Novice: 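Provided herewith is a single structure, encoded as structure tokens, for subsequent inquiry.
Letters A, B, ... are given to chains in the order of the sequence lines, protein chains preceding strands, and every chain is numbered from 1. Quantities reported herein were computed from a predicted structural model and do not represent experimental measurements.
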There are 2 protein chains.
Amino acid sequence: MDFQVSFTVNEKLFLRNPDSSALGKKIVKYGIELIHEIGFEHFTFKKLAIQVETTEASIYRYFENKHRLLLYILNWYWSYMEFLVDYTLKNIQDPKTKLEIILNLLSKDLGENSGILQYNINALNQIVISESSKAYLVKEISDINKDQVFKPYKDLCAKIATVITEYNPSYKFPRSLSSTLIETSHSQHYFAENLPRLTDLGTEKPQKFTLLFLQNLTFELLK
Amino acid sequence: MDFQVSFTVNEKLFLRNPDSSALGKKIVKYGIELIHEIGFEHFTFKKLAIQVETTEASIYRYFENKHRLLLYILNWYWSYMEFLVDYTLKNIQDPKTKLEIILNLLSKDLGENSGILQYNINALNQIVISESSKAYLVKEISDINKDQVFKPYKDLCAKIATVITEYNPSYKFPRSLSSTLIETSHSQHYFAENLPRLTDLGTEKPQKFTLLFLQNLTFELLK
DNA sequence: CAAATAAAATAGTAATACTATCATTTATAA
DNA sequence: TTATAAATGATAGTATTACTATTTTATTTG
């Protein structure tokens, strides 16, 4: 079975829908690859224009600025994650199994599902780990939040929180635990790779280590 | 008792020691206030020069760029936190009490200790919450890490890990839990204030809420 | 007081983050 | 099929950012 998923992304995130044209799609596709390659701070629309073989002005017709492009990419990712959670939990009853699957999705790179995606999923994953906090750690947070641009993140968080409550109805912080699991899956993975003394990484790979840590944390806490 | 604390900050972080002159001290002091006020992205040495009533060129004699200034500020903060942990744990034997004190230090704003500090501790606290991840989430991480600029963070993390192990010697992830507690104290506080649906904030203040969440997490997990 | 050092003043450059205009190509609908 | 609108390209321009360099003026310190 081979299929494509696409999501409607919040209209406030773009000036012209990048999904509506070949150029728009290239901007997002190469945007992901370039942000991954050089990091968000060094990323500029000028550099992206060269990759895409278009002009800076053309990119500005799609996105107001690079922060909006990052938000667009992350919105896409969060929507995709929520879809994946839904999809993989179908027909599963046991809450423990559900939680295990979720932790796997959070810490695993999505490589295996790459067939169904139009973007470089490895680059996308790295961006989520290294750059996603830059989407909300900005002074303009309350303004941009009014545009509902964090709705997919909140939805994903709420969905995971539901499963947490299913598993242990008396646990008092399902949403906070959910966002902590998401954030920690990024930070521990990043630390394991770049500042390993902030972790207990042994001989495992960073990804595997992160999963082990999250599993221990979740199931000991909710026991 | 009234006293001042100061720490030797890694020499690689500056070109000229800001602690060695009145101008240098003003640069750091107003740097903290300006970063807090307008956010790291909007912060420039030009704007800081206006606040300090000096020139851009003069600031560049102290710090290579704004990222180094942020690292300097955070190094100072991490050293100060480690000092505070040491100081407040003096003569305390019970590991549980120790952990409780640490969680208080992590989630509390340091207002009460402001007397002994040369900087605006409220601004410093907000910077740590909103900007500290920008110090390490950069492409240059492995290069800057070679300059040992994260040593104070690692030391603080190791110190807290020691207490975790004291409290529960069989727990397998003391360092990762330690860095997770530090990071989560920032992210949950930030979310509670700006994206509360990612948390279980009720009627408590964000700070109190963060403490309750961390206490529950820590003691249930290490039980 | 002289010598050294720090700071101020000034200037300049390349890159960034845009905005604007107009010509050309491409899609679309009458 | 043509006209017309919409998208893109080409080009230019501005203010700000992120620096570096040089020369002059204060301030320390020996």
Side-chain angles (χ1 to χ4, degrees), chain A residues 9 11-31 34-35 37-73 131 134-135 137-140 143-144, chain B residues 11-31 34-35 37-73 131 134-135 137-140 143-144 147:
Chain A
V9 179
E11 303 228 330
K12 305 261 182 171
L13 286 171
F14 48 75
L15 300 171
R16 176 175 303 171
N17 192 339
D19 217 40
S20 73
S21 74
L23 180 63
K25 283 174 189 156
K26 276 175 83 182
I27 288 170
V28 177
K29 179 174 186 285
Y30 288 104
L34 193 55
I35 292 173
E37 198 182 319
I38 64 179
F40 191 62
E41 283 72 29
H42 297 296
F43 173 82
T44 69
F45 278 0
K46 176 90 232 196
K47 291 173 186 166
L48 179 56
I50 293 164
Q51 295 289 309
V52 176
E53 291 182 301
T54 183
T55 58
E56 231 184 323
S58 296
I59 297 176
Y60 275 106
R61 285 195 200 100
Y62 284 87
F63 294 100
E64 228 179 299
N65 53 49
K66 68 175 183 172
H67 185 256
R68 290 274 148 162
L69 173 57
L70 178 63
L71 273 172
Y72 179 92
I73 292 167
E131 320 289 359
K134 295 167 194 171
L137 292 176
V138 292
K139 272 285 163 185
E140 299 83 2
D143 277 333
I144 63 175
Chain B
E11 304 229 329
K12 303 261 182 170
L13 286 171
F14 49 76
L15 300 170
R16 177 174 304 171
N17 192 340
D19 216 40
S20 72
S21 76
L23 180 63
K25 283 173 189 157
K26 275 176 83 183
I27 289 170
V28 177
K29 179 173 186 286
Y30 288 103
L34 193 55
I35 291 172
E37 198 183 318
I38 64 178
F40 190 63
E41 283 72 29
H42 297 297
F43 173 82
T44 69
F45 278 179
K46 177 90 234 201
K47 291 172 186 166
L48 179 56
I50 292 164
Q51 294 288 310
V52 176
E53 291 182 302
T54 183
T55 58
E56 231 184 322
S58 296
I59 297 176
Y60 275 107
R61 277 192 217 99
Y62 285 87
F63 293 100
E64 227 179 300
N65 53 50
K66 68 174 183 173
H67 185 256
R68 289 274 148 165
L69 173 56
L70 178 63
L71 273 172
Y72 179 91
I73 291 167
E131 320 289 359
K134 295 167 194 169
L137 292 176
V138 293
K139 272 287 162 184
E140 300 82 3
D143 278 333
I144 63 175
D147 288 342

Novice: So which heavy atom on B:Leu69 is nearest to which on B:Phe45, and how close?
Specialist: CD2-CE2, 4.0 Å
Novice: Can you tell me how far C1' of D:dC19 sits from CG of B:Leu69, to the nearest Å?
Specialist: 15 Å
Novice: Write down the distance between CD1 (A:Ile27) and C1' (D:dT8), rounded to a whole number of angstrom.
Specialist: 10 Å
Novice: Whole Å only: how far is the CD1 atom of A:Ile59 from the P atom of D:dA7?
Specialist: 17 Å
Novice: Run the salt bridge (charged side-chain N to carboxylate O under 4.0 Å, His left out) test against A:Lys66 and tell me which residues pass, sequence neighbours left out.
Specialist: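 Result, salt bridge (charged side-chain N to carboxylate O under 4.0 Å, His left out) vs A:Lys66: none returned.
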Novice: I'd like to know if the side chain of B:Lys139 reaches the main chain of A:Glu41, judged simply by a donor and an acceptor atom lying under 3.5 Å from each other, with no hydrogens or angles considered.
Specialist: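 The answer is no, because no donor-acceptor pair under 3.5 Å joins these two groups.
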Novice: Please report, rounded to the nearest Å, how far the P atom of D:dA18 is from the CZ atom of B:Arg68.
Specialist: 16 Å
Novice: Around atom NZ of B:Lys25, are there more than 12 heavy atoms of other residues, nucleotides or ligands at under 6.0 Å?
Specialist: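 Yes, enclosed.
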Novice: Determine the minimum heavy-atom distance between A:Leu71 and A:Ala135, stating which atoms define it.
Specialist: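 Taking A:Leu71 first and A:Ala135 second, the nearest heavy atoms are CD2-CB, 3.9 Å.
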Novice: Between atom NE2 in B:His67 and atom P in D:dC19, what is the gap in whole Å?
Specialist: 12 Å
Novice: Between D:dG9 atom P and A:Tyr62 atom OH, what is the distance in whole Å?
Specialist: 9 Å
Novice: Does the protein touch nucleotides 8-28 of chain C at the base, only the backbone, or not at all? Give it as B, S and - per nucleotide, heavy atoms under 4.0 Å.
Specialist: B-B-----SBBBB--------
Novice: Within the sub-3.5 Å range, which N or O atoms of nucleotides 27-30 of chain D have a protein N or O partner, and how far apart are they?
Specialist:
none

Novice: Sub-3.5 Å donor-acceptor pair from the side chain of B:Arg68 to the main-chain atoms of B:Lys12, do we have one?
Specialist: yes
